[in-house]
Amino acid sequence: MIMYMDPESLKKEVERRALDKTDQEIVEKALVEGVETAWDRLEKQQPQCGFGQLGLCCNRCVMGPCRIDPFGGEPKRGVCGATADLIAARNLLDDLMVGAAAHSDHGREVLEVLMETAEGKGQGYQILDEEKLNLVAGEYDIDVKGKKKEAIARELALAMLEEFGTLKNKIQLVERAPEKTKEMWAKAGIVPRSVDREIVEAAHRIHMGVGADYINILLHALRTSLSDGWGGSMMATEASDILFGTPVPVEALANLGVLKKDEVNIVLHGHNPILSEMIVQASYDADLKKSAKKKGAKGINLVGMCCTGNELLMRHGIPLAGNELDQELAIATGAVETMVIDYQCIFPSITETAKCYHTKVISTSEKSKVPGATHIEFKPETALDSAKEIIRQAIENYPNRDANRVKIPAGPVKMVAGFSEETIRKALGGTYKPLIDAIVAGSIRGAVGIVGCNNPKIKQDYGHIMLGKELIKRDILVVETGCAAIASGKAGLLLPEAAEMAGEGLKAVCKALGVPPVLHMGSCVDCSRILMLAANIAKELNVGIEDLPLGGAAPEWYSQKAVSIGAYFVASGVYTVLGLPPKVFGSVNVLDLLANKLDGVVNAAFAVEPDPVKAADLLEAVIEKKRKGLGI
Amino acid sequence: MNSVLVRPERCIGCRHCEVACALEHSQSKTLLGMITEMPRSAPRIFVETGISFLTFPNRCQHCDPAPCMQVCPTKAIYREEETGAVLVNEEKCIACGGCAMACPFGIIQFRFQPVVDREVNTKCDFCIERQKAGNIPACVEACKTGALEFGDMNTLVRQNRKDFSLRFLKSKGPEVEAVKVPENILAFRKIMEEVANIGPFKGE
Ligand code: SF4
Ligand code: SF4
Ligand code: SF4
């Protein structure tokens, strides 16, 4: 732990770690109180191994581990004979498939809850969006006439779950892509066959001695990513909408200031909304409210963190405490009674952080237990009971809060979220024509999806916010999900007023529609909403997604899930700029394929550019190139 | 006299040298044995991160004359004539820290040594045992990127001289040296420099 002597260097360090003022307040508090955070751990990890960063370390078998000399000398091959190209490609596929598995397994769980709800076994769940249920069921050729919604939901859940396996070897939702894009996939041999199949096959392919052709491995990586974006993730989005409602614009608040001084604060952290939806329901319970009062609290304050937070924000306007690097900061405010975790992006040390204060961590997924956490297992049939128990325990913990150690930053920021693809389309009058007209007229040059995480190697939110501002200034509409969207919420970019920061063209369009220049489209699995937005625009124009003036960016990414998202963006024809280098720079050939050759396959490629202004230049250039291609 | 020349541009911060050094100075000299030993063996070479995530493996240069040796009040530090290694007589060391103040590289550490039952100067011993057995130092052997090279200093330096001459004759600046470092690695370092500029690792 670094101890700071003088206020000057303390201030400097705080400003290096986080962009947002409210985050900075708590970064400082954590430093002063000696609470270890990811920034401290990153410092202690220096130097980080170059073989790993370059993708040249292979730790697959016990003939190894092996590494390749990045300077061209010996060793040039692993014990098995693998080259730098093969090792880097296998490592990338490894990361990507883990990310695809995380998204898809999340999707599977939502489908299972949909199934149980349809069978009347789920406690507290209902099918809220019948319109979407019928639409998606139609795509799956399910006859909806005269059937009860439960019966339709059951059939649909089964049909989708079937696509995780290999009997059918087809993912229905892939059909949503424009014809031209699908032809491109067929030509490259990357049409995904099933959700689980591609992931399992990826695991097979990275075993020693299953092929040595890095190109073949990377093509499978693209196919696996498509099975996530157009499969597992899209199913997660659709099933969540059917169960909990398709998001519509909603006003809410963001940053650590959403914690309340005199209420029981519960942070809902992770990714899957299935349990936290029930916690929201339970929080309306009059008895629970009464017992909170009995313990001296004015009420129960639910706040979201990471993508569980995004899901609840989109559908209920639950305030957002922050993104990935805020998880420790929220606890360090000293005001959190309970942090409820489901899975993904939860620091394994979160219970250690909690020990510095009165905070209790409650784990809820059988897959995601953390030493030191209380485990209240989520099961659909007892979900509401568990939710109430979780709130009860948080209330019990309220008197343990030490008021002297509490610091809640003042002034949460307003934001508007809830821009599902359906909502955007409806707001435009049922067709994308107005948006297309604006793009053709040039008042909007194009659109960029900014997605992904925080990474302590980059000042928290700096990459997201600087790139977002730079793009809207250039009349490029920004759509966001995940931690990127939360960053924009904190920074006030998700407000219609933020249109003032946009270029003249975009500003006018935003003002006419009353929307922000940066649209919050949901959680990480909701990157599928971005795909649908692109697909529907392309279809109206009778072109492929790869022809549209679009871009993607993951300025502060850290996770394997981001690798999968980046890859399905690119595989779907969307040029994508990464703010941190993927672990492939040790292989000239893999680099060349990702940065250049892919262009000839999917009309898009990857670039790496940490500097937000330069990244905006790259994205703008591609958008202009694609505009030219469309003759606009 | 043989020395170790550090080629910092080739160091990628894998810390393999640190592990090999700790292993060489452990009791069991096996990886699995080492991790259960008390006291735990520690490296005497230190890979540090400088600006822009660049790394440097810092180790004893076995100077001659050696400042540490010159200031030691008990003459605990001496030179082994055959290899030129600067070594510590643990019995005589009073852990006063004088050597650490004098060492221009800042690599002296005081660690518990069972033979004397107290903390004493536990600096790099130039792998004297290995050298006597005809082997090169453990850190050099472990480095897979050529950042640490063992041999006659004049010969090792010759490569640097040749590089300079080449640059000079081609009338090019330091970017010609880049020929030694492949393009992809240079690209990676450039990116990491940018990352450092927008994060907590921004240099002063
Ligand atoms: S798979 Fe090959 S390169 Fe990887 S550890 Fe085994 S032998 Fe080494
Ligand atoms: S310990 Fe320091 S002063 Fe002494 S020989 Fe080594 S590098 Fe030189
Ligand atoms: S083994 Fe070589 S590359 Fe690795 S840290 Fe040591 S000197 Fe640097």
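Each chain gets a letter, A, B and so on, in the order the sequences are listed, and its residues count up from 1. Basis for what follows: all heavy atoms, side chains included, without hydrogens, waters or symmetry-related copies.
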Who in residues 50-58 of chain A is close to chain B, using a strict under-4.5 Å heavy-atom cut-off? Gly50(A), Phe51(A), Gln53(A), Leu54(A)

Going by residue number, which parts of residues 458-465 of chain A are within reach of chain B, meaning a heavy-atom gap below 4.5 Å?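 The stretch touches chain B at Ile458(A), Lys459(A), Tyr462(A).
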
Report the residues that fulfil ring-ring contact (aromatic ring centres under 6.0 Å, His included) with His16(B), sequence neighbours left out, ordered by chain and then residue number. none

Gln45(A), part contacting chain B, at a heavy-atom distance under 4.5 Å: backbone

Heavy atoms only, distances under 4.5 angstrom: which of Thr55(B), Leu54(B), Val47(B) has the most pairs with chain A? Name it, please.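 Counting heavy-atom pairs under 4.5 Å, the top option is Val47(B).
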
Residue, of Ile185(B), Ile198(B), Val195(B), that accumulates the most heavy atom pairs under 4.5 Å with chain A: Ile198(B)

Shortest non-hydrogen contact from [X] toward [Y]:
| X | Y | result |
| --- | --- | --- |
| Pro47(A) | Arg15(B) | O-CD, 3.6 Å |
| Pro182(B) | Pro70(A) | CG-O, 3.4 Å |
| Gln46(A) | Thr49(B) | CB-OG1, 3.2 Å |
| Phe71(A) | Arg189(B) | CZ-NH2, 3.7 Å |

I need the Ile12(B) CD1 to Gln48(A) CD distance, nearest 0.5 Å.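 It is 12.5 Å, given to the nearest 0.5 Å.
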
Less than 4.5 Å apart, side chain to side chain, heavy atoms only: is that true for Met192(B) and Pro581(A)?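 Touching, per the 4.5 Å side-chain cut-off.
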
Taking the side chain as C-beta and beyond, is there a heavy-atom pair between Ser587(A) and Asn184(B) under 4.5 Å? no

Around [X], counting heavy atoms of other residues, nucleotides and ligands shown, do more than 12 lie under 6.0 Å from its [atom1]?
| X | atom1 | answer |
| --- | --- | --- |
| Glu129(B) | CD | no |
| Lys11(A) | NZ | no |
| Lys583(A) | NZ | no |

Residues Lys144(B), Glu74(A): salt bridge by 4.0 Å N-O rule: no

Would you mind listing every salt bridge (Lys or Arg N to Asp or Glu O under 4.0 Å) that reaches into residues 147-161 of chain B, with sequence neighbours excluded?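 Output for this query lists Arg7(B)-Glu149(B).
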
